[in-house]
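Heads up, the thing below is written out as structure tokens.
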Amino acid sequence: MTESTKRPDTVRLQRIAKGFWESAAFMSAVELGVFTAIANGSNTIESAAAALKIEPVNAERLLTVLTAMELITRNDEQFSNTADVDRFLVEGKPTYAGPWMLFSKPRWETWGNLTEHLKVPAAEQRVLGMYDDTFTVERAREYHEATYSIGMGAARRFHRQVDLSGRTKIMDLGGGSGCYCIIGAQQHPGLRAEVLDLPPVVVVTREYLKDNGVENEVIATACDFTRDALPQDADVAIMASNLPQYSRPIIADVVQRVYNALLPGGEFHLIGEMLDADGCGPIAPALWGLSEAVSHSTGLAHSVSDCADYFTAAGFKQIQIDEFIPDTLTRISGTKPD
Ligand SMILES: C[S@@+](CC[C@H](N)C(=O)[O-])C[C@H]1O[C@@H](n2cnc3c(N)ncnc32)[C@H](O)[C@@H]1O
């Protein structure tokens, strides 16, 4: 029987239904430090159990699932990390991204009530969604520990792709930890930058700027980019990883206001979780859009064609679409004519 004539079964559906079991196993492995223990030589059930301070039977249960998920491999009694796990989930390495893997965990219970969230009427949606009054400095600090652990790598990738030599000032909308500006300032002497973010966040941004020794080159300013004025002296604008948090009219308006604020000849890079032009995937941007139902915002997943339309309508020229992180982030850029 060929694939197309095969009688449908429930295998795929059952795996999806239990997907949250896999997430739980993975997050517990990160929290317990399983991958770090394996890298440090505690790579059998008994030795891992001792290092993690859990019962051997629980170590066996967990290592068996992690092996089936192809996060670790098994050779007789010994387990090893796969290449991506070894690079990103062993504590102590500069590439450690454990906090980012746990980023969505605070919302675990809320996702369990997704059906109720999907029934929330439009009248109860808020523009700022999760960034309402409950988003305190403490919450922002925890949140950006996670974004920083993945964002510095993304920022390095951005500056490998985009040469900002000769530019004078970046404005970074929703810049969070400031990672894109930190790397920019470190790589381009004389380049200044302004991170624009919500009031609780800029307190945390300033901590990262200081830790990275760029507090003289990069400033952080409290700004709600959906309604506050943007700086008028930047020739580069960046907006990364907050696209699905807002509706189509809001993003179209932000793109227009960035265009208006940029100096002539300036460039705008919008790095976002974008769907393909047909709107059928990939899954990661689609899920980021769905997560806005949980936040009670007006946001949703935008497609690359939606974004190209915002750029064209605003007046940008030389509009270009580039893959940034496969199946996750796309970079759309445009230039304001002289
Ligand atoms: C997922 S983080 C991304 C941070 C950073 N751009 C990066 O790529 O690492 C999203 C950021 O957008 C900020 N943000 C969301 N809505 C905003 C708004 N209306 N005005 C200013 N900042 C906003 C959040 O506070 C948060 O710092």
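Ligands are counted one by one from 1 in listed order, and the atoms in each one are counted from 1 as well. Not measured: the values here are computed from a predicted model.
- Applying side chain to side chain contact (heavy atoms under 4.5 Å, CB included) to Pro285 and the options Leu300, Asp327, Leu275 leaves one that passes, Leu275.
- Within 4.0 Å of ligand 1, the residues that place a heavy atom are Leu128, Tyr131, Tyr143, His144, Gly174, Gly175, Gly176, Cys179, Tyr180, Asp197, Leu198, Val201, Cys223, Asp224, Phe225, Thr226, Ala240, Ser241, Asn242, Gln245, Tyr246, listed by chain and number.
- One finds no salt bridge joining Glu116 and Lys119 here, because no Lys/Arg side-chain nitrogen approaches an Asp/Glu carboxylate oxygen to under 4.0 Å.
- Using a 4.0 Å cut-off between charged nitrogen and carboxylate oxygen, Glu194 and Lys169 count as a salt-bridge pair.
- Side-chain contact between Phe316 and Leu262: present, with at least one pair of heavy atoms (C-beta onward) separated by less than 4.5 Å.
- In this structure, the salt bridge (charged side-chain N to carboxylate O under 4.0 Å, His left out) partners of Asp132, at least two apart in sequence or on a different chain, are Arg126.
- Contact check on Glu267 versus Lys336 returns no salt bridge, with no Lys/Arg side-chain nitrogen under 4.0 Å from an Asp/Glu carboxylate oxygen.
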